[in-house]
Undergrad: 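Dropping a structure here in structure tokens format, bear with me for questions.
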Amino acid sequence: MELASRYSPTGVEQKWYKYWEDKKYFKSVPDSREPFTIVIPPPNITGVLHMGHMLNNTIQDILIRRARLQGKNACWVPGTDHASIATEAKVVKMLRDQGIRKSDITREAFLEHAFEWKMKYGDIILFQLRRLGASCDWDRTAFTMDEVRSKSVIKAFVDLYKKGKLYRGNRMIHWDPEAKTVLSNEEVIYKEENAQLFHIRYALQDDPNISVTIATQRPETIMADVAIAVHPDDPRYQKLIGQKVLIPLIQKAIPIIADSYVELEFGTGALKVTPAHDQNDYEIGMRHQLEVVDILNEDGSLNSNAQILIGEDRFAARKKIKKLLDEAGVLVEIKDYQTNIGRSERTNAVVEPRLSLQWYVDSKQMAAPALKAVFENNIEFLPENMKNTYRHWMENIRDWCISRQLWWGHQVPAYYYDKELFVAETREEALFEAKKKIGESSFDESLFIQDQDVLDTWFSSWIWPISVFDGFSDSADFKYYYPTNVLVTGWDIIFLWVARMIMAGYEWMNEKPFHKVYFTGMVRDKQRRKMSKSLGNSPDAIALLDEFGADGVRFGMLSSSPAGGDLLFDEKLCDQGRSFCNKLWNAMRLIKSWNPKEQKTSMSDQLVLDWMEERIVEIYTESDRLIEQSKLSEALKLIYSFIWEDFCGFYLEALKPREEHFISLEVFDKTILFFDKICTILHPFMPFITEEIWHQLKDRMEGEDCMMSSYAEKKTMNTSLLDGIQEIRNVITQSKDLRNKHSIKLNVEVPLFIHQSEQGSILSVKGAKELIIKMAKLSDCTTTDSDISNAQSFIGLRNKYYILLPITMDVEQEKIKLLEEIKYALGFVDSIEKKLANERFMANAAKDLIDKETKKLQDGHIRLKSLKESLHALSIDN
RNA sequence: GGGAGAUUAGCUCAGCUGGUUCAGAGCAUCUGCCUUACAAGCAGAGGGUCACUGGUUCGAACCCAGUAUCUCCCACCA
């Protein structure tokens, strides 16, 4: 069977994914093994796979596959988030396209549409994750609004309420006029934007000739003004305090008050006080017992309290009122300035401060154990500096507004009868309580109504590590899998999600939800811009998978992605991943072309085999250590260069039969064994190609799959062998380089001489000679006791080497080269001698280090001597 | 306003507890090669005052102080 010279992931990836799934390799049930658990950060059902997901889930898959190879009971729980605001917006739009308005249908009808939408689109992203190779236990797929998760949410709410950690409060909140719901602080994104500052003149009620000029960015709210505030010490306004001014256009009289909140320097030093539409104004209003005039509707349009411009949207109203004020002659000036504007994370609408009655979680007491856990390193953060961010937020935590004026979500399990409030897990329970309190006889059930709001999406996410295992029902799964091992997520949701999960873990289970949090960076484009739909700079994830294959993309995502650091995505990296697949593929093709035969393994082959055996142990140990430290990209880079340089570049080249394809049985078998191990080591990173090669290499028994193989056993390493090969490779490179520099083609075979030193030479290693001759394309390789003056030379670890090239020597050039090397060697020796002569160094340095330095000094002296001899010989001969 | 981090090759970044075979990798560049697995390849090469200034130390890319530039987070004044 002829294999193409290029690896094609198409078909191969689908084949193996199905194979693994059919064999139920992703499935996990509690058993006696050690569990290794990850819960997925549930993607929104409105989402399609983007770069952030790919990065995130690649990392999770690597960790979970590695755990599986280590023999642990690996369990990766997938699922989706109902994404209250985002989904509701999508469904509203879908209905609008069908000519249906949300306001025209009932809550039940709307939810029916919404569930229908979810059924149709909600799991798309989970299928896209399969393309990436994600080895989730799909049987466990959870959804934040499915039965178990919904029950958990309600339980959590009722429990908190009973513990007195939930309350309703009438406060200034952030209102999203587009989604028509309240938002939590964390859902508002502030950004500096260009705005205008309007200076408007308010005339005194008693004397139209005197006026006060205020500065505002929102002139459309002047009708909601209830006072003008000035600083009590401001000399400009001293006489006016206590008097009244008229609001322009509507001529409403409002008092001038003094409040030290006002800054003298800003604007005109006079502040219009609008309690209904500004947090700080609200507080001023409270202090001065001012009324609250709300002139905005929930959609951001002006209501009848405004008296003018009723029904106009706030931004349209701003334009219009500007004209009106100008015509009235009260618009003094307009200044451009920059200010922070808060926008809704989901709809991007400018948020509106608004006074409203909402449900809150009393967060302060919950924060304490959550903060402690992280600072005592009971929960590890990666990168560590995220701890500071976390602490700052935790120490200044504000109560969490959890109610939302939406339909899609978990309806607040609170019920009202007249003015009485009943909170219970079911309507029946609440009803029972209500009747008990009110009295059965006078009870009118039609007056018994449930709270119309739903809960913040994050109120279901924060118990996700608990609810996916049905932890509130004390399940066996929960006991086995919780706490989970690691959470992999972006740092942008550290407050929205991570911090709250930790709080929830301690609140209900008195145990952390995960041991470690691996924060990934944001995926950015080459210009460092965050990838976003609106910029159009985000590549289509599926198209990428099609083009480069999942393994290629996984390689690309990971190869430049340290924890926490942002990833500058470049398709080139995926291309490099694809090339790597091709390299592996061709290594396999080479091995498959060999004809194993009963013959003795040559000495040089034996040397290479022994070396590779050591090298694999070394690479496994080192890469394992890196993964343990969560340095995944470094681990991958290490494995990559090992495979490319050592395995393909040296090992296979060294063993490759020159003309015939015959090879000794031992070499053949061992090579396959090595390749097996390499596949296993690489598998977590690039699962598809490794499984494919695994099966191409030889016929496997049932269940003998790369995904379920086991890691190489750790052994102590023979470092002298590793050093020996390093010297051999050095000699080979230098020999080739010298020929290259002198334009001697590689197929011109030339002799190499090794100057014997007291420690002998590399040729004392069995097989070294043959190996050097073969790899460096030499005619011969022998030792010598004297200097070869007409040859090109180079210095190895301990020996000097001469390569005899068919050229005439440039003596002067050679001398300069030697002098430079001598200079360096002198400095080197000198610095070590100084170091060793230093009492403080000898007293403080570890013994290991001193030994190492002593050895370095010896080597240095040998080199120096050899160099000097060469220079001497060169001078005498010429 | 408060806080965190960064500054190393043309670009993107490694460099763990200070120790001159550690100043590294990948990409890019240059030179030579279609050498029987791979041109998505092979053999090589060049390139850095480790932001700046001091200090600690026998020794500093690494520790300390200051300066400059940049990034991010939090809080927010109309």
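Naming: A, B, ... by sequence-line order, numbering from 1 per chain. Here the structure is a predicted model, which means the values were calculated and not measured.
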Undergrad: Please list, pair by pair, any protein nitrogen or oxygen found under 3.5 Å from a nitrogen or oxygen in nucleotides 5-9 of chain B.
TA:
none

Undergrad: Could you tell me whether A/Arg398 contacts a base, only the sugar-phosphate backbone, or nothing, with contacts defined as non-hydrogen atoms closer than 4.0 Å?
TA: sugar-phosphate
Undergrad: Determine the stems involving RNA chain B; a stem requires 3 or more consecutive pairs of the Watson-Crick or G-U wobble kind, each with both distances below 3.5 Å, and the answer is none if no such run exists.
TA: B:1-7 with B:68-74, B:10-13 with B:24-27, B:29-33 with B:41-45, B:51-55 with B:63-67
Undergrad: Anything under 30° is parallel, anything over 60° is perpendicular, the rest tilted; go ahead and classify A/Tyr640 against A/Phe580.
TA: perpendicular
Undergrad: For nucleotides 25-33 of chain B, give me every protein contact, N/O to N/O, under 3.5 Å, one pair per line with atom names.
TA:
unit_1	atom_1	unit_2	atom_2	d
B/rG26	O2'	A/Gln576	OE1	3.4
B/rG26	O2'	A/Gln576	NE2	3.4

Undergrad: From C-beta outward on A/Glu634, which listed nucleotide comes closest to its side chain: B/rG44, B/rC74, B/rA14?
TA: B/rA14
Undergrad: Please table the atom pairs, donor to acceptor, closer than 3.5 Å between any side-chain atom in residues 261-269 of chain A and protein atoms at least two apart or in another chain.
TA:
unit_1	atom_1	unit_2	atom_2	d
A/Tyr261	OH	A/Asn280	ND2	3.1
A/Thr268	OG1	A/Thr213	O	2.4
A/Thr268	OG1	A/Ala270	N	3.3

Undergrad: Between A/Arg218 and A/Cys648, which has a closest nucleotide on RNA chain B that is more 5'?
TA: A/Cys648
Undergrad: Is a salt bridge present between A/Lys656 and A/Glu653, judged by a nitrogen-to-oxygen distance below 4.0 Å?
TA: yes
Undergrad: May I ask you to establish whether A/Arg729 and A/Phe650 are in a cation-pi arrangement, using a distance under 6.0 Å from NZ or CZ to the six-membered ring centre and at most 45° from the ring axis?
TA: yes
Undergrad: Between A/Tyr7 and A/Trp585, does the ring centroid distance fall short of 6.0 Å?
TA: yes
Undergrad: Could you tell me which residues satisfy side chain to side chain contact (heavy atoms under 4.5 Å, CB included) with A/Lys572, sequence neighbours excluded, listed by chain and number?
TA: A/Asp570
Undergrad: Is NZ or CZ of A/Arg500 both nearer than 6.0 Å to the six-membered ring centre of A/Trp400 and within 45° of the ring axis?
TA: yes
Undergrad: For A/Ala587 and A/Tyr337, find the nucleotide of RNA chain B closest to each by heavy atoms; which residue's nucleotide sits nearer the 5' end?
TA: A/Ala587
Undergrad: Considering every strand and a 4.0 Å limit on heavy-atom distances, what is the contact class for A/Phe495: base, sugar-phosphate, or nothing?
TA: sugar-phosphate
Undergrad: Between A/Lys387 (side chain) and A/Phe381 (backbone), is there a donor-acceptor pair under 3.5 Å?
TA: no
Undergrad: I need the CH2-P distance between A/Trp594 and B/rU36, as an integer number of Å.
TA: 16 Å
Undergrad: Restricting to side chain to side chain contact (heavy atoms under 4.5 Å, CB included), what partner residues turn up for A/Ile493, sequence neighbours left out?
TA: A/Trp458, A/Thr489, A/Leu496, A/Trp497
